[in-house]
*Asks:* 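Take this structure, written in structure tokens, and hold onto it; I'll ask about it next.
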2 protein chains.
Amino acid sequence: MQPAMSRVPAACAGDCRFFREEGSGPIDRNKPAGPLLKISRGTTIYQHEQPAHFCYKVVEGAVRLSRLLPDGRRQILEICLPQDTFGLETSECYSATAEAIGDVVLLRCPRECIAELQDERPHVRGKMLSMLSRGLCAAQDHVAMLGHQSAKERVACYLLRLAGGHESQQAYTVRLPIGRQDMADYLGLTIETTCRSLSDLKAKRIISTPDRHCIVIQNFAALESVAQGD
Amino acid sequence: MQPAMSRVPAACAGDCRFFREEGSGPIDRNKPAGPLLKISRGTTIYQHEQPAHFCYKVVEGAVRLSRLLPDGRRQILEICLPQDTFGLETSECYSATAEAIGDVVLLRCPRECIAELQDERPHVRGKMLSMLSRGLCAAQDHVAMLGHQSAKERVACYLLRLAGGHESQQAYTVRLPIGRQDMADYLGLTIETTCRSLSDLKAKRIISTPDRHCIVIQNFAALESVAQGD
DNA sequence: CGGCATGTTGAAACGTTTCAACGAGAGTGG
DNA sequence: CCACTCTCGTTGAAACGTTTCAACATGCCG
């Protein structure tokens, strides 16, 4: 079943970058080793329940994975930022819809390439498993949040997550990759409630909002205690 | 820590059953090929954030995966039924706590065995990926449910899931693997709300409840329309 | 039978949603 | 430069659904 030789199609060669070590700095865009896909704001990358041909990795920008409920409500499952991968499912069809939030640059890899890379390069297997495993863990975090946290807790949690463990004593500026509506759909709230929660944090001087897309965390300790229900 | 010996430890041999094809009937308990672990009601199998040494597969009974929030609230992430696997994470520590709901029979496999099985038996890789992938998809379903569905919708969804696609015209009896409290914690509701939702369905003659652990779906169509928000 | 865990129901309190109005900023064209 | 429009964000007040707290019912086991 495996006539060795160069089983990995030429188009795949560059896509090994898909599995390069993370945390070893951002992808070097001066030495592009494969086709970068540029996609403009709002474009649908793929749709829920359609056949899954490709996997993706975000190079620049942000992508939202969401599901549309029969009555038009929308749940955002994940906001993918640079270095994140999506569309890795092993089932026939995509398990969510993927859309570009702003202009986005992606790395795209055909699924059969991934399969072959796995056969030929053992480290790719581990990488693949850990990507999926991390995704699962993130989804579980999300479930725990939606199941039993109040609006204020959810908003505080999300801000802390964006700050990504920078639990410094000083003020820390977070750039929001998404607008209020997306934030609301991610947190399982309405846009109004999301807004009110932010206003609340602002009134308590825990955060400040110099502009729409920026939030400055003024008091990490207080934000953490809000995130855990006072 | 691991005195090597033969590459796949003897204890693992039987645990290949871990990856046998599903849908090919239940595990044959007359020909046990490995150690079956019997665990009694309420026992903690492993705890969230403790080092992950083993993976498990449910043979009999039900297991709940949950997280305890700092303030004592609990979110159940998954109810594992016979054939389901859990504890497959690739991170160092378990991503949730696992507890036996009733008396339970499990298949247990050390993680290093899984790793070696993967190296030696290609089909195990695909199996492993599809197990994780399925788990991810289930978690995403859960997120979508908790994010934007009302109590009645959640309860209806859960019942339909338990019925497992048996969308027959006739009445169908579902055996609840869990009590009301676990159901509530899974659905992100209180036990009272869960109860009231069930009573509602009963009042509308969509279900009937001959006893605590049984629910008879009398009207699939109506249950589905409740699940989708009327 | 009592004792205990589990399930059910009621009424008030609470938080989120809904609906509506308004504000701020970016882009366009006069 | 200003008015215009369009999208996005913010705030208020009432409506709604879920939670909370309390009481009671049921089933099981010693």
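Atom set for the values below is all heavy atoms of this structure, side chains included, hydrogens, waters and symmetry mates excluded. A, B, ... follow the sequence lines: proteins, then strands. Residue 1 opens every chain.
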*Asks:* To the nearest Å, how far apart are A/M183 CE and D/dC8 C1'?
*Replies:*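 For the pair A/M183 CE and D/dC8 C1', the rounded distance is 14 Å.
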
*Asks:* I want to check something: taking the side chain as every heavy atom from C-beta on, are A/Q149 and B/L69 in contact at a cut-off of under 4.5 Å?
*Replies:* yes

*Asks:* Please check if any side-chain donor atom of A/E89 sits under 3.5 Å from a side-chain acceptor atom of B/S133, or the reverse.
*Replies:* no

*Asks:* Give the rounded distance in Å between these two atoms: CG of A/L201 and P of D/dT11.
*Replies:*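 Computing the A/L201:CG to D/dT11:P distance gives 12 Å.
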
*Asks:* With a 4.0 Å cut-off on N to O distance, would you call B/D141 and B/R161 a salt bridge?
*Replies:* no

*Asks:* So what does B/R41 touch, heavy atoms closer than 4.0 Å: a base, only the sugar-phosphate, or nothing?
*Replies:*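 Touches sugar-phosphate only.
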
*Asks:* Short question: side chain of B/T194, backbone of B/R180 - any donor-acceptor pair under 3.5 Å?
*Replies:*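 The answer is no, because no donor-acceptor pair under 3.5 Å joins these two groups.
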
*Asks:* Across nucleotides 9-21 of chain C, 5' to 3', mark each nucleotide with B, S or - according to how protein heavy atoms within less than 4.0 Å reach it.
*Replies:* BBB----SBBB--

*Asks:* Between the side chains of A/K204 and A/D200, is the shortest nitrogen-to-carboxylate-oxygen separation below 4.0 Å, so that they form an ion pair?
*Replies:* yes

*Asks:* Just so I know, are the side chains of B/R175 and B/L162 near enough to count as touching, which here means a heavy-atom distance under 4.5 Å?
*Replies:* no

*Asks:* On the six-membered ring of A/F54, is A/R108 placed so that its NZ or CZ lies under 6.0 angstrom from the centre and within 45° of the ring axis?
*Replies:*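 Yes, A/R108 and A/F54 form such a contact.
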
*Asks:* Check each residue of residues 207-219 of chain B for a non-hydrogen atom within less than 4.0 Å of any atom in DNA chain D, then write out the ones that pass by number, or none.
*Replies:* B/R212

*Asks:* Taking the six-membered ring for Trp, are the ring centroids of B/H48 and B/Y94 within less than 6.0 Å of each other?
*Replies:* no

